[in-house]
Protein chains: 2
Amino acid sequence: MAQRPTIKTIAKETGLSTATVSKALNASPQVRPRTRDKVLQAAKELGYELNISGVQLRTGKTYQIAMITVIASPDDDEWAGVGYTQLISGISRAIEHTPYRVVQHQVASFDDSFEVIKRIIQNKKADGIIISGTRANDPRISFMQEQDFPFVTYGTSDASAPHAFVDTDNRRIVTICVERLLSKGHRRIAMINAREELNYTQNRIEAYKAALSKAGQTCDPSLLAYGRLTPAFGREQLFEMSMFDEPPTAYICANEATAMGVLSGFQVRGMEHGRDAVVIATDDLNVSQYFSPPITTCYLPISKPSETLGKFMLDLIGGEDPINLQKLFVPDLIERGADTCNLERQ
Amino acid sequence: MAQRPTIKTIAKETGLSTATVSKALNASPQVRPRTRDKVLQAAKELGYELNISGVQLRTGKTYQIAMITVIASPDDDEWAGVGYTQLISGISRAIEHTPYRVVQHQVASFDDSFEVIKRIIQNKKADGIIISGTRANDPRISFMQEQDFPFVTYGTSDASAPHAFVDTDNRRIVTICVERLLSKGHRRIAMINAREELNYTQNRIEAYKAALSKAGQTCDPSLLAYGRLTPAFGREQLFEMSMFDEPPTAYICANEATAMGVLSGFQVRGMEHGRDAVVIATDDLNVSQYFSPPITTCYLPISKPSETLGKFMLDLIGGEDPINLQKLFVPDLIERGADTCNLERQ
DNA sequence: CATATAAAATTAAACGTTTATATTTTGAGT
DNA sequence: ACTCAAAATATAAACGTTTAATTTTATATG
């Protein structure tokens with residue numbers, strides 16, 4: 001079987017030197033159009049494909065985009081990481097017609113993610129990094145900034161220097177949800193949040209408080225829960241909060257998994273959605289339309305932010321200023337019920 | 001800043017040649033223990049890490065494992081691909097302490113997946129390939145076998161030559177489910193399956209028919225549905241089948257997503273689980289415990305097959321015979337209800 | 001037309017590694 | 001102490017690419 005063609009093969013074929021071939025393939029202005037065409041033609045005929053390890057060795061370019069995913073442990077976290085597939089999928093789609101590939105670096109904890117990032121940068125194992133689960137004050141972000149390494153975050157932070165990010169507009173979501181529930185007469189509104197150290201959790205809390213105080217209401221901190229966004233966590237919280245003297249009449253869940261858990265709690269406790277309380281969620285899978293009953297959800301198709309993530313990464317590698325690579329998406333509110341309930345009950 | 005250390009650095013440091021250093025690092029018997037230790041010591045002190053592109057250029061080894069994932073389109077397929085994260089996660093875990101990485105190659109269709117596989121092999125872009133969604137007669141499998149390229153499949157096939165695979169024991173699952181339902185008095189048992197061309201679908205059908213005929217029942221083909229395993233598909237099928245003159249009293253769903261759709265259909269149609277019909281599912285996420293109501297499920301934690309996938313891949317690359325790398329996992333039946341219903345109704 | 005200059009091509013070296021071949025060292029046997 | 005084979009190490013080339021330095025070729029200028 002014929003050896004895989006290299007630039008040498010093309011050089012021999014066209015009678016040019018490998019240097020010229022290389023330049024031609026890289027669209028260098030040093031080579032004149034006529035020879036360029038000749039090279040491209042030959043490359044096509046021979047079925048030439050760039051050998052990335054050659055490039056990598058010479059230039060340090062890896063054509064890899066590292067995606068750091070944090071999954072705590074194999075199974076306890078049944079639903080966790082569900083979104084990563086779609087995320088990677090969207091990124092892959094954005095870089096489809098480039099030589100870049102997404103390489104997933106799976107880690108078990110935040111600290112591990114930092115270690116992996118250090119190794120990737122130190123050993124130049126990727127051309128760019130994408131992380132999620134950003135914290136308000138995220139040491140990984142400052143590190144990557146110091147090292148001047150290209151990165152995009154899925155999620156915001158309060159880093160002093162601007163960086164490329166994509167996120168859902170969490171403040172906006174929460175404002176919409178709270179205002180809707182207030183207008184339906186709810187006064188005890190619980191919010192089930194992700195872990196407190198995540199920046200988006202903080203944003204949600206701020207928006208929650210702001211919306212309440214704008215309506216002249218005060219915030220009862222016992223209605224705010226923080227944890228890993230699993231169905232189990234949602235159910236736990238329902239169990240707990242529904243036993244309060246003045247239980248919530250509405251639950252805002254940070255994702256559909258948690259909402260499912262809350263609904264599951266309803267059923268166990270003999271509660272009924274729309275009578276005893278209501279649940280609304282934010283998410284990007286839109287699976288809540290199949291819940292029993294379906295619930296009102298702030299929905300943002302995950303394909304949007306994820307493709308943007310990929311696009312931003314390419315732009316960044318191409319030298320674009322991070323300040324131009326920041327985007328907040330505003331989800332649609334999909335009403336799937338009146339979201340009222342027997343408020344006089346309490 | 002100091003350059004990243006290479007074998008040259010170690011050679012200089014130890015006074016040896018790069019050749020010896022290389023051999024020492026690769027545990028060649030040609031180098032005597034004393035010098036080997038010296039090299040290892042120096043490597044550690046310098047913080048040396050293998051530069052893969054160097055190796056790759058010289059030997060062709062890529063240290064990449066290609067995972068081919070098929071996701072038809074961005075959003076229509078809301079829940080689809082949910083399992084890939086866990087799959088990749090498990091594989092990553094299995095290869096954690098090796099230099100190997102998982103690289104995801106996302107494609108839109110079966111045909112594309114074949115194309116990508118060809119490119120990977122032709123251009124030696126990976127050391128091994130993992131695919132899922134295997135068909136009974138899968139051309140990708142025969143191609144990889146012809147090319148003598150290492151691969152493991154998640155899912156079986158009826159390829160004549162043996163190959164490495166990991167799968168759930170689908171025949172067993174279906175047998176268990178059907179027997180259980182029959183024993184509860186069900187006589188009209190529907191089965192919602194994945195697409196017909198997938199080998200596991202065929203296995204499930206065979207087992208279904210066998211279990212029925214063993215009990216002296218005949219199979220009504222109108223109770224068998226084939227399609228993409230989304231909630232939407234489950235709901236559609238419920239809408240259709242529940243209108244039959246003799247509607248099913250039980251639905252066996254190939255995954256939890258579809259089961260959720262069926263339950264959602266129940267709610268829309270005013271049907272009740274356990275009164276009008278029951279649903280049971282197979283899956284690896286175990287999220288069905290949070291359904292309302294929770295349903296009986298054949299559960300296999302996806303971490304098991306996925307870690308095995310990674311392990312098999314390493315073994316294969318290490319030269320193990322594929323015939324020793326075949327494994328079927330048997331899930332646990334988790335009963336979450338009586339799974340009886342008003343059978344006299346029909 | 002000769003010459004200066006710009007443009008286009010070539011040469012050669014380098015990136016980090018492995019490995020076939022060559023050379024030196026070691027140590028056992030006399 | 002000397003020989004000689006075996007063991008250990010060294011040399012050098014190669015993998016495919018890019019790029020600085022250099023040479024050749026084409027173009028413009030007076």
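Each chain gets a letter, A, B and so on, in the order its sequence line appears, and its residues count up from 1. The structure displayed is predicted, hence computed values, not measured ones.
- Residue A/Lys118 qualifies as enclosed at atom NZ: its count of foreign heavy atoms under 6.0 Å is above 12.
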Problem set entry | Check against side-chain contact (heavy atoms from CB on, under 4.5 Å), B/Ile95 and B/Met313 | CA-CA 9 Å; B/Ile95 63 175; B/Met313 189 79 252; 5.8 Å; no
Would you list the atom pairs, donor with acceptor, under 3.5 Å between side chains in residues 99-106 of chain B and any protein atom, with sequence neighbours excluded?
from, atom 1, to, atom 2, distance (Å)
B/Tyr100, OH, B/Lys61, NZ, 2.7
B/Gln104, NE2, B/Thr69, OG1, 2.9
B/Gln106, NE2, A/Ser89, OG, 3.4

For this session: Assess whether side-chain contact (heavy atoms from CB on, under 4.5 Å) is satisfied between A/Ser53 and A/Leu57, documenting all intermediate values.
Result: CA-CA 6 Å; A/Ser53 36; A/Leu57 193 52; over 6 Å; no
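- One can place CD of B/Gln30 at 18 Å from P of C/dT24, the figure rounded to the nearest angstrom.
- Within 6.0 Å of the CG atom in A/Asp148, the count of heavy atoms belonging to other residues, nucleotides or ligands does not exceed 12.
- A salt bridge does not link A/Glu96 with A/Arg93: every distance from a Lys NZ or Arg NE/NH1/NH2 to an Asp or Glu carboxylate oxygen is 4.0 Å or more.
- A donor-acceptor contact closer than 3.5 angstrom is absent between the side chains of B/Asn199 and B/Thr134.
- Scanning residues 32-39 of chain B for heavy-atom distances under 4.0 Å to DNA chain D yields B/Arg32, B/Thr35.
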Problem set entry | Contact letters for nucleotides 11-17 of chain C, in which S counts primed atoms plus P, OP1 and OP2 and B counts the base, heavy atoms under 4.0 Å | B-BBBBB
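- Contact annotation: the side chain of A/Val70 approaches that of A/Tyr84 to within less than 4.5 Å [non-hydrogen atoms, C-beta and beyond].
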